[in-house]
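Input: a single structure, listed below in structure tokens.
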Amino acid sequence: MGKVFYISRRTGIVVIVAAAAVIIIALTVVYAQKSRNEVKPVNDTEVWKNYRLPTSLAPVYYNVTLWPRLVMDANGMYIFTGHSGAAFTCVNETDLILIHSNKLNFTLTRGGHHAMLRGLSGAKAPAIKKTWLEVETQYLVVQLSEKLQVGSTYWLYTEFRGELADDLHGFYRSEYVEDGVKKVVATTQMEPTDARKAFPCFDEPAMKAVFHMTLIHPLDTVALANGMETGSWTFLTILVLPKKSTQFEPTEKMSTYLLAFVVSDFISIKTPAEAKVLIRIYARRKAIEAGQGEYALNITGRILDFFQNYYNSKYPLRKSDQIALPDFSAGAMENWGLITYREAALLYDPSMSSNGDKEAVSTVISHELAHMWFGNLVTMKWWNDLWLNEGFATYVSYLGVNDAQPTWNMKDLMVLEEVHKAFAVDALPYSHPLSSREEEVNTPTQINALFNSITYSKGAAVLRMLSGFLSEPVFVSGLSVGHFETYTVVDSDPAVKLPASVTEIMNRWILQMGYPVVTIDTQTGRISQKHFLLDSESEPDRPSVYNYQWFVPIKWMKSGTAMGQHWTNSEWVLANVNVSGFYRVNYDSQNWQRLISQLTSDHSVIPVINRAQIVDDVFNLARAKIINITVALSATRYLSEEREYMPWGSTIKNLDYFFQMFHRTEVYGAMEEYLRGKVQPLFNYFKTITADWTEIPSSHTDQIHPNLKMPVYCNAIAAGGVEEWEFGWKMYKNSSSATEADKLMYALSCTKTPWLLKRYLDYAFDPDLIRKQDAPFVIVYIANNVVGQSLAWDFIREHVFEYGGSSPLFGRLILSVTNRFSTELELNQLQQFKKETAAAGFGSVLGLDQAIETTKANMKWVAENKEQVMRWLSEELA
């Protein structure tokens, strides 16, 4: 059995329905045809003090012309200039225009105003009384002498300039060096709230409009935008080299955060002329010439075809451009018609990139293409329901890759890569629900904080559970509408038995944080559930109207056979078969022993995906003090016979916590010896099937095989000294492959020489040496090195002011750098750091409170488990 999905009628229920008898997704989303519900403003008089736009105006279209300067001006700055017109309709009578603007300098009109207003289609525009910039809430405010008329359309025109900064947000600058020459790229990242840095706009997801773009750029560059280029011409300007002006076809009606435009000297490869959709892969000239875009070009078409069939809806645009950028803050961005990527997420070099790199490129491309329908065509009303965008795209991205690469078992790998990730973060008392109330998410900082593992991974896990309950064909049939215009909720289907309505069932998974641990007593047949928290003595930091109870789908098997509702006390029972539900399972002690015995005698009877889940469940249940730590350790005995990736991946992830906690104790050595004994048979197995390592894959060259590069590089630099590190650094700086550079960037953190690690940390703060997008990775990599952990912690404390303690990025860095803290001294350092940042006026530093609580929990766990673990290991090794 299984269960389903959510949405509160309080925020509006929208369900995609294939037929009257089919039940499918109840999702709170906004569509272009739907009007936006008004959120009550915090300030009724000075509405510009509110972070949310009033509902009095609705954008229709924009005409935007931008001219980025790719050379530094006389003041040592890179800038862009532009002018923009916004056509909007008056929905509710008002004498105030609020439009988002951030870090733009406006050219004032003769009357000293920031903008000009006129009426369209015969409407008469009132005179502008006053204009000003509201910096905190990021508005251009236009106060009028009279009220705008409901139903009339108006035109707001502005001229402005802004900095083409290297901050990776809005309209920004990316740089790279090719053949000793510095190249500059002008590119964008608008999501979530940075379109307002490029031009004045109604910068909220529900404020959809059509965009008419024109870009002015050097003759030796190419300009790209969401729409296809419709024409370009060369023009001359006084004292400036000739320029080209390129116009683009109007976009679909879409949100501002999906807007994208790029000016670069990149080249491309593309699909043949007869292709139904033009696909172009843009990147640095050398990367394209080296064939690094070929795999992306090949797989994009296949995945795009899959999604057209999956959604039963044609891709609505003429082209799908994908561009690899040297500097990019996210992994990729689903801009409609022009998807932007960091290089390692799009480019694949068969001679340099590993299988893992290939999987990553495939999954990211699939994720972004999934958004072309769910996210772009169908959009959430407000950022509090971001999980609908990202959770859905994450879930179906695995389906897209599974279709394109059926031998990779991507549907199963989703459990390891998404479900387990969600389990880890959602077991903390300071997690958060998938969907929050609109009024809880207002500021750009609050919006940015939602881009986390709960939104992506738990969102995907919950949708996977829904699909498992309904069956994938039913799930897909509900999406295969062919249009996205009519919606209803159907809570009855003779083929699907529900204990309650869809809304009631799924509200519990979406509107409350966390998930349950289901305890099954095979002696009595009793089943119970409880909110699972990793720290059993903690309390969730927010109440739940559902009292942390869920409708839980349970599929189970007995002694290797899938079963219906039946209980036994003599044979082993396994619940949550194929991990179809988002919950953990605990059993009575006898059943745990029967399962562990089955693993030892013949583990193949238990599905691979459940072997991985058994390991993940027992270790986390032990950390939560629900079962004894020795039960968890006993589940690893069988690993000497295990040859599959998923159970080993789950084991290594869970034992990593043990290594982190015990790395300064005698337990560490015993653990190494025990694990070596389990790994040795696996090593011998591969030694045998490769004929004592003599049968080398046909693709192998004299170079290190791409799949082995990361451990080989890391161990070589760890065993070497300054000369080896400098050689690795030179290779990193000269690498033309993004995936190769990423491997070397990690390997450089493996050195055991403290001063080299300290210097590497300093490099991370110099964008000429380490790209801004990569600096956080360098810091975390060094923190994961036992020698570098204290150095990274000192570095974080030293640079808190440069990073900005209130940023989500800094909060994530804090958690990553301190995750192995487990001593009184380290706790005191964290508490002192909190006092110092508060005294410096930082207020609450994101991540710091969580780090303090995590350190306390780690200290307690070590005190309670160290002797038990050592005793068990000693007995096993005797």
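Values below: all heavy atoms of this structure, side chains included; hydrogens, waters and symmetry mates excluded. It should be emphasised that the depicted structure is a prediction, and the values quoted were computed from it without experimental measurement.
Between S84 and F160, some side-chain heavy-atom pair lies under the 4.5 Å cut-off. You'll find the side chain of E204 stays beyond 4.5 Å of the side chain of S255, heavy atoms only. Counting heavy atoms from C-beta on, the side chains of I447 and W382 come closer than 4.5 Å. Looking at D849 and Y430, their side chains never come closer than 4.5 Å, going by heavy atoms from C-beta outward. In this structure, Y315 and M372 have side chains that are in contact, with non-hydrogen atoms separated by less than 4.5 Å. With contacts defined as side-chain heavy-atom distances shorter than 4.5 Å, the pair L259/M254 qualifies. The shortest distance between side-chain heavy atoms of K243 and P218 falls below 4.5 Å. Between L156 and I99 there is a side-chain heavy-atom pair separated by less than 4.5 Å.
Side chain of R196 to backbone of D203: a donor-acceptor contact under 3.5 angstrom is found. At distances below 3.5 Å, at least one donor-acceptor pair connects side-chain atoms of Q189 with backbone N or O atoms of E191. Judged purely by atom type and a 3.5 angstrom limit, Q446 uses its side chain to pair as donor or acceptor with the backbone of T443. Between the side chain of T188 and the backbone N or O of G170 there is no donor-acceptor pair closer than 3.5 Å. Using modelled atom types, no side-chain atom of Y456 and backbone atom of F392 make a donor-acceptor pair closer than 3.5 Å. Checked by atom type and distance alone, the side chain of W373 pairs as donor or acceptor with a backbone atom of S313 at under 3.5 Å. With hydrogens and angles disregarded, a donor-acceptor distance shorter than 3.5 Å links the side chain of N452 to the backbone of T455. Looking only at distances, a side-chain donor or acceptor of Y311 sits under 3.5 Å from a matching main-chain atom of A370. Judged purely by atom type and a 3.5 angstrom limit, Q512 uses its side chain to pair as donor or acceptor with the backbone of R508. K130 places no side-chain N or O within 3.5 Å of a backbone atom of V142 that could act as its donor or acceptor partner.
Atom-to-atom distance recorded for R342:CZ and L325:CG is 10.5 Å, nearest 0.5 angstrom. Of the inter-residue distances, the one linking L168 atom CG with S174 atom OG reads 8.0 Å to the nearest 0.5 angstrom. A distance of 9.5 Å separates CD1 of I339 from CE of M333, quoted to the nearest 0.5 Å.
T251 and N226 are not linked by any side-chain donor-acceptor pair at a separation below 3.5 angstrom, with hydrogens and angles left out of the test. Inspection of the T246 and H217 side chains reveals an N or O donor paired with an N or O acceptor under 3.5 Å. For the residue pair D385 / S435, a side-chain donor-acceptor distance below 3.5 Å is found, with atom types taken as modelled. T379 and N389 form no side-chain donor-acceptor contact under 3.5 Å, judged by distance and modelled atom types alone. Of the N and O atoms on the side chains of T153 and T89, at least one donor lies less than 3.5 Å from an acceptor on the other residue. Between the side chains of Q322 and Y341, at least one donor N or O sits under 3.5 Å from an acceptor N or O.
Ion pairing between a basic and an acidic side chain is recognised when a charged N comes within 4.0 Å of a carboxylate O; E163 and R173 show no such pairing. Between K772 and D327 there is no salt bridge, since no side-chain N of the basic residue sits under 4.0 Å from a carboxylate O of the acidic one. Electrostatic pairing of K208 and E252 does not count as a salt bridge here, judged by no charged N lying under 4.0 Å from a carboxylate O.
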Q: Would you sort out whether N50 and T137 count as a side-chain hydrogen bond (donor to acceptor under 3.5 Å, both in side chains), showing the intermediate values?
A: CA-CA 7 Å; N50 301 316; T137 48; over 6 Å; no
Q. Given D166 and Y172, is the side-chain hydrogen bond (donor to acceptor under 3.5 Å, both in side chains) satisfied, shown in steps?
A. CA-CA 6 Å; D166 61 351; Y172 73 92; over 6 Å; no
Q: Before giving the answer on side-chain contact (heavy atoms from CB on, under 4.5 Å), spell out for V263 and V185 the whole-Å C-alpha distance, their side-chain angles and the decisive distance to 0.1 Å.
A: CA-CA 6 Å; V263 173; V185 177; over 6 Å; no
Q. What do the steps show when you test T221 against S264 for side-chain contact (heavy atoms from CB on, under 4.5 Å), and what is the final call?
A. CA-CA 5 Å; T221 61; S264 72; over 6 Å; no
(Q) If you apply the rule salt bridge (charged side-chain N to carboxylate O under 4.0 Å, His left out), what do you find for E134 with K49, and how did you get there? (A) CA-CA 8 Å; E134 195 66 32; K49 299 293 186 183; 3.0 Å; yes
Q | Chi angles and distances behind the side-chain hydrogen bond (donor to acceptor under 3.5 Å, both in side chains) call for E334, H367 | A | CA-CA 8 Å; E334 65 270 18; H367 180 106; 5.5 Å; no
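Nearest heavy atom pair, residue L117 against residue P126, reads CD2-O, 4.0 Å.
Every pair tested for salt bridge (Lys or Arg N to Asp or Glu O under 4.0 Å) that includes a residue from residues 102-124 fails, sequence neighbours excluded, so the list is empty. Residue pairs meeting the salt bridge (Lys or Arg N to Asp or Glu O under 4.0 Å) criterion with at least one member in residues 441-459, sequence neighbours excluded, are D426-K458. Identified under the salt bridge (Lys or Arg N to Asp or Glu O under 4.0 Å) test for residues 135-149, with sequence neighbours left out: none. Pairs engaging residues 112-131 under the ring-ring contact (aromatic ring centres under 6.0 Å, His included) rule: F106-H114 [sequence neighbours left out].
Under the 30°/60° scheme for interplanar angles, the aromatic rings of F211 and F199 are found to stand perpendicular.
The ring-ring contact (aromatic ring centres under 6.0 Å, His included) test applied to H100 returns Y139, not counting sequence neighbours. Partners of R318 according to the salt bridge (Lys or Arg N to Asp or Glu O under 4.0 Å) rule, which considers only residues two or more places apart in sequence or in another chain, are E249. For D541, there are no salt bridge (Lys or Arg N to Asp or Glu O under 4.0 Å) partners at least two apart in sequence or on another chain. With sequence neighbours excluded, the residues satisfying side-chain hydrogen bond (donor to acceptor under 3.5 Å, both in side chains) with Y395 are S467, E472. Partners of W336 according to the ring-ring contact (aromatic ring centres under 6.0 Å, His included) rule, which considers only residues two or more places apart in sequence or in another chain, do not exist here. Qualifying ring-ring contact (aromatic ring centres under 6.0 Å, His included) partners for F171, counting only residues two or more places apart in sequence or in other chains: F80, F261. Scanning for side-chain hydrogen bond (donor to acceptor under 3.5 Å, both in side chains) contacts around Q247 gives an empty result, with sequence neighbours left out.
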Hey, can you pull the donor-acceptor pairs under 3.5 Å for the side chains in residues 60-79, sequence neighbours left out?
{"unit_1": "Y62", "atom_1": "OH", "unit_2": "F202", "atom_2": "N", "d": "2.9"}
{"unit_1": "R69", "atom_1": "NH1", "unit_2": "W67", "atom_2": "O", "d": "2.8"}
{"unit_1": "R69", "atom_1": "NH1", "unit_2": "T81", "atom_2": "OG1", "d": "2.8"}
{"unit_1": "R69", "atom_1": "NH2", "unit_2": "T81", "atom_2": "OG1", "d": "3.4"}
{"unit_1": "D73", "atom_1": "OD1", "unit_2": "N75", "atom_2": "N", "d": "2.9"}
{"unit_1": "D73", "atom_1": "OD1", "unit_2": "G76", "atom_2": "N", "d": "3.1"}
{"unit_1": "D73", "atom_1": "OD1", "unit_2": "M77", "atom_2": "N", "d": "2.9"}
{"unit_1": "Y78", "atom_1": "OH", "unit_2": "K182", "atom_2": "NZ", "d": "3.1"}

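Test T230, L215, T214 against F248 for side-chain contact (heavy atoms from CB on, under 4.5 Å) and you get one pass: L215.
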